[in-house]
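Presented below is the structure to which this report refers.
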Amino acid sequence: MHDVVVVGAGTAGCVLASRLSEDPDLSVLLLEAGPSSRPLETRIPAAFSRLFRSQLDWGDRTVPQPELDGRELVFPRGRALGGSALLNAMMVLRGQRADYDGWAAAGCSGWSWDEVEPAFARSAAGPFPLASLPDRHPLTVAFVEAAQAAGIPFAPDLNSGDAVGVGFVPVSQRRGRRFSVLDGYLRPARRRPNLAVVTGAQATRVLLERGRALGVAYRLEGEVVEQEARAAREVVVSAGAIGTPHLLQLSGIGSRAMLERAGVAVVHELPGVGSNLLDHLANGLLVRTRGVETLASAQSPRNLLRWALRGRGPLTSNVAEAAAFVRLRPDAEAPDLELVFAPVLFEEEGLKQPTEHGFTLAVVLLAPRSSGTVALRSGDPHEPPAIDPRYLTDPDGEDRRTLVDGLRLARRVLAQEPLARYADGEILPGEDAESDEELAAHLRASSQTLYHPAGTCRMGTDPGAVVDPELRVRGLEGLRVADASVMPRLPRGHTNWPVVMIAERAADLIRASLA
Ligand SMILES: Cc1cc2nc3c(=O)[nH]c(=O)nc-3n(C[C@H](O)[C@H](O)[C@H](O)COP(=O)(O)OP(=O)(O)OC[C@H]3O[C@@H](n4cnc5c(N)ncnc54)[C@H](O)[C@@H]3O)c2cc1C
């Protein structure tokens with residue numbers, strides 16, 4: 001029996017296990033479905049997309065997306081000690097002051113910018129340091145200059161809270177290697193006698209009795225018999241924006257109609273579980289280059305040696321090296337579009353390794369109006385849930401319009417020096433695609449996820465909310481959620497550092513409630 005059982009050792013789970021076990025009087029069990037192995041690709045920054053579809057990825061796809069030509073999009077998420085933080089692009093961009101003030105205004109008291117800032121600062125000052133890339137690619141420098149020539153101001157700190165502009169992206173690295181929550185939070189904590197970590201352990205159900213969580217049932221890899229882990233004080237589900245609603249639904253917590261369809265007995269009706277799936281959709285210009293080497297040739301014995309011996313060279317690139325946050329709609333309260341620059345062709349949703357030199361200038365929808373669902377297909381815990389982000393389905397078509405305008409802005413940047421001199425023609429969508437219809441067709445044919453699913457167990461106080469502002473599952477005792485799924489809206493940035501912040505605050509809330 002442990003005091004606290006944490007399910008999922010991704011970004012949130014690593015932070016929680018570390019912070020909770022700082023109290024020697026609290027015993028903590030961390031359960032993770034994936035393995036503890038760490039192949040070389042998890043350390044080499046430029047290799048992150050090689051982990052897609054590996055044994056460290058759940059290997060999901062979305063259901064067919066009606067507004068994206070019916071495509072089933074590749075939807076990577078980490079399945080390992082470290083979770084998605086082991087295969088992410090290491091960008092550290094927390095979003096805007098307006099995002100967190102918006103959370104507070106929507107009933108999430110305690111989560112305004114001023115209130116969450118100390119948790120961000122605490123992480124950055126210690127286990128989650130922000131670094132600069134040791135060797136910026138010359139094309140990235142050219143992009144940042146070209147964006148300024150196109151009228152986007154230089155932003156020296158993209159995490160200032162009101163950054164509108166272009167800048168170099170801070171990364172989670174140390175000495176040219178990935179430095180994730182696994183390195184900063186979990187590893188130093190693993191020596192503690194009050195922390196147990198079990199990998200290859202997939203939770204199949206939260207054990208509930210008379211409205212209280214008593215622990216979880218889980219199955220060890222390769223075994224058929226289920227085990228139980230009992231929690232004397234709390235169960236915290238940190239299985240991510242897909243895994244968390246899935247586990248709650250398997251436990252009979254969710255919408256009655258969905259549970260009944262899947263043949264699962266309703267234990268606690270909570271219709272919001274699995275709704276409000278938000279994600280950042282991305283697309284972009286793929287541009288052939290001349291007169292410059294890109295990351296397409298980064299993988300060579302010489303570069304591997306440079307990386308291994310000195311932590312330098314192109315393999316230290318996190319690929320997405322620079323970004324711009326812009327306000328396309330004059331009435332938007334904060335940036336509504338992000339440009340992301342990568343000095344390599346990012347093709348076929350990251351599954352294709354580049355065969356020629358080029359760069360990617362991506363546009364990202366920062367504040368999507370469309371939202372979707374995560375839904376149980378059956379009561380079999382090993383059957384993946386149906387992931388339906390419903391991209392670009394907002395009734396007014398505002399999401400599509402923003403991305404079309406974003407593509408035009410990206411082309412304006414592309415036309416500026418010093419970037420223009422390296423460009424040797426658009427591969428996608430191609431210079432001929434000019435009209436709104438042609439650009440919309442390009443969006444349908446090749447948009448992809450930016451890997452930021454969130455919102456599926458959203459925090460709030462209204463009937464649709466799943467957790468209250470202290471992250472307790474509404475209507476149940478001894479059960480919290482802490483991960484990307486509690487976000488009521490997506491930050492207009494990226495999600496990893498915000499999840500670190502959420503877990504830091506969750507640890508504070510849990511320790512305060514157990515004191
Ligand atoms: C390819 C990719 C690139 C990304 N790039 C960036 C980036 O550059 N910058 C950024 O800010 N964000 C990025 N993100 C997003 C960011 O990494 C995530 O938002 C963040 O890691 C989510 O943290 P989490 O704790 O909510 O979930 P995860 O980190 O996904 O952790 C969930 C964990 O729970 C485990 N789990 C699930 N179900 C169960 C179960 N039933 N039993 C036991 N364990 C279970 C999973 O295996 C996983 O380890 C990226 C994500 C991906 C996938």
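Because the structure is predicted, anything quoted here is derived from the model rather than measured. We count ligands from 1, going down the list as the structure has it; atoms in each ligand are counted the same way. Atoms considered below: every heavy atom in the structure, side chains included; atoms not considered: hydrogens, waters and symmetry mates.
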Classify the contact between [X] and ligand 1 as side chain, backbone, both or neither, using a heavy-atom distance cut-off of under 4.0 Å.
{"X": "T495", "answer": "both"}
{"X": "S238", "answer": "backbone"}
{"X": "A201", "answer": "backbone"}
{"X": "V7", "answer": "side chain"}
{"X": "A80", "answer": "backbone"}

> Starting from atom 47 (O) of ligand 1, which protein heavy atom do you reach first, and at what distance in Å?
Replying inline: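 So the nearest neighbour among protein heavy atoms is E32 OE2, 2.7 Å.
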>> Could you identify the single nearest non-hydrogen protein atom to atom 6 (C) of ligand 1 and state the distance to 0.1 Å?
In response: N88 CB, 3.5 Å
>> Under 3.5 Å between any N/O of R77 and any N/O of ligand 1: does that happen in this structure?
In response: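 So ligand 1 has no N or O lying under 3.5 Å from an N or O of R77.
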> Under 4.0 angstrom from ligand 1, any heavy atom of P381?
Replying inline: no
>> If the contact criterion is a heavy-atom separation under 4.0 Å, does Y218 count as touching ligand 1?
In response: no
> Given G240, S49, S84, which one has a non-hydrogen atom that is nearest to atom 30 (O) of ligand 1?
Replying inline: S84
> Relative to atom 7 (C) of ligand 1, which among M487, R205, M91 owns the nearest non-hydrogen atom?
Replying inline: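 Closest candidate by heavy-atom distance is M91.
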> Between F48 and Y451, is the ring centre distance below 6.0 Å?
Replying inline: no
